[in-house]
Amino acid sequence: MVHAPRTFPPPPQLVKHSKKWTLRFQAVLNANPPRDWATPQAKKVLRAALRELAHGKCVYCESALEVTTYLEIEHYVAKTVNSDLAFEWTNLLPACRLCNNAKGEQDHKGALLKPDAEDPEPYFWIHPDTGKLEPHPRLDEAHAHRAKETIRICDLQRPALCTKRVEMLMRVLRATGSLWKELCDPRTEYKPVLRHALEIRGQHALAEYDRERFRSATL
Ligand SMILES: [Zn+2]
């Protein structure tokens, strides 16, 4: 998942027309034959803003939307669950078709992680051989439940996603080479020097990862 805090205000046209667009949606909600939930103009406004929110990626599976699939306007709370939130800026996220379809109209009651409001990364551990997501082993039961629900609701164990995660891990291993091996070996001498060098070069995450391993090894 992509942590996507809302660092910019909603698009002015959304602010101006959200009430009108919401009323239109509520009027066509049960139309027969079905009608699209938003006008092409409204979708254009929303897509442009949402593309910026998560750096052009799906917030759930991290696929690049321009490359793999078209950006879909995802409602964190499904618009059929609460039609008042259909054009509420804080309820809108960019997603790919596969994640959006998997999630559908499920009423997750807040169990789904909300990547604009909370950092999803601490919730997950990635299996290095299979690329599958798992709840991070340090989570308590309530947080592990949210991680599991997020994986299930968005179908984040799709084989293509697991393959991409393993490929990324292989790239990291190739790029860091013997340094990575030294980091992963708790017997490496003078580890703090290595971690300090990483910190100086801005590799805080890699240094912290090693500290975590060291803590685990001493428990
Ligand atoms: Zn996706």
Side-chain angles (χ1 to χ4, degrees), residues 1-8 10-11 14 36-38 40 42-82 85-136 139 143-172 205:
M1 292 181 89
V2 183
H3 188 207
R6 291 177 200 270
T7 55
F8 53 92
L14 174 62
D36 207 354
W37 69 279
K43 286 185 175 181
K44 191 176 169 187
V45 168
L46 296 179
R47 282 201 175 102
L50 291 174
R51 183 165 283 116
E52 297 298 314
L53 190 64
H55 314 288
K57 293 186 283 190
C58 168
V59 279
Y60 296 130
C61 74
E62 301 191 42
S63 300
L65 292 165
E66 287 86 353
V67 176
T68 57
T69 179
Y70 198 57
L71 185 154
E72 299 210 346
I73 300 159
E74 141 70 3
H75 296 79
Y76 174 75
V77 174
K79 55 188 180 296
T80 48
V81 171
N82 186 344
L85 299 178
F87 291 92
E88 164 55 44
W89 174 236
T90 58
N91 192 45
L92 302 174
L93 293 164
C96 73
R97 184 167 32 86
L98 294 175
C99 288
N100 203 13
N101 285 350
K103 180 170 168 282
E105 297 178 359
Q106 295 182 65
D107 184 3
H108 53 76
K109 302 187 191 305
L112 177 67
L113 291 172
K114 194 166 188 290
D116 60 326
E118 52 193 338
D119 183 0
E121 193 162 327
Y123 281 82
F124 300 106
W125 186 78
I126 301 164
H127 195 288
D129 297 327
T130 64
K132 285 194 167 184
L133 289 183
E134 295 174 13
H136 198 285
L139 295 178
H143 288 87
H145 172 71
R146 293 193 70 204
K148 278 185 207 161
E149 278 295 272
T150 298
I151 294 166
R152 181 189 67 77
I153 290 166
C154 298
D155 191 19
L156 296 179
Q157 306 292 43
R158 303 195 291 270
L161 292 177
C162 294
T163 301
K164 279 184 178 181
R165 293 183 196 122
V166 173
E167 283 173 0
M168 176 55 82
L169 180 64
M170 292 298 114
R171 281 175 63 192
V172 173

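Each residue takes its place number in the sequence, starting with 1. For ligands, and for the atoms within them, numbers begin at 1 and follow the listed sequence.
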Proximal protein heteroatoms (N, O or S) of the Zn ion (ligand 1), under 2.8 Å: C58 SG, C61 SG, C96 SG, C99 SG
Lys/Arg N to Asp/Glu carboxylate O, R146 vs E149, below 4.0 Å: no
Side chain to side chain contact (heavy atoms under 4.5 Å, CB included) between D155 and C61, intermediate numbers included: CA-CA 9 Å; D155 191 19; C61 74; over 6 Å; no
Within 6.0 Å of NE2 in H136, more than 12 heavy atoms from elsewhere: yes
Check: M1 main-chain N/O paired with E62 side-chain donor or acceptor under 3.5 Å: yes
Stepwise side chain to side chain contact (heavy atoms under 4.5 Å, CB included) test for L139 and F124: CA-CA 9 Å; L139 295 178; F124 300 106; over 6 Å; no
Mutual orientation of the aromatic rings belonging to H75 and W37 [parallel < 30°, tilted 30-60°, perpendicular > 60°]: perpendicular
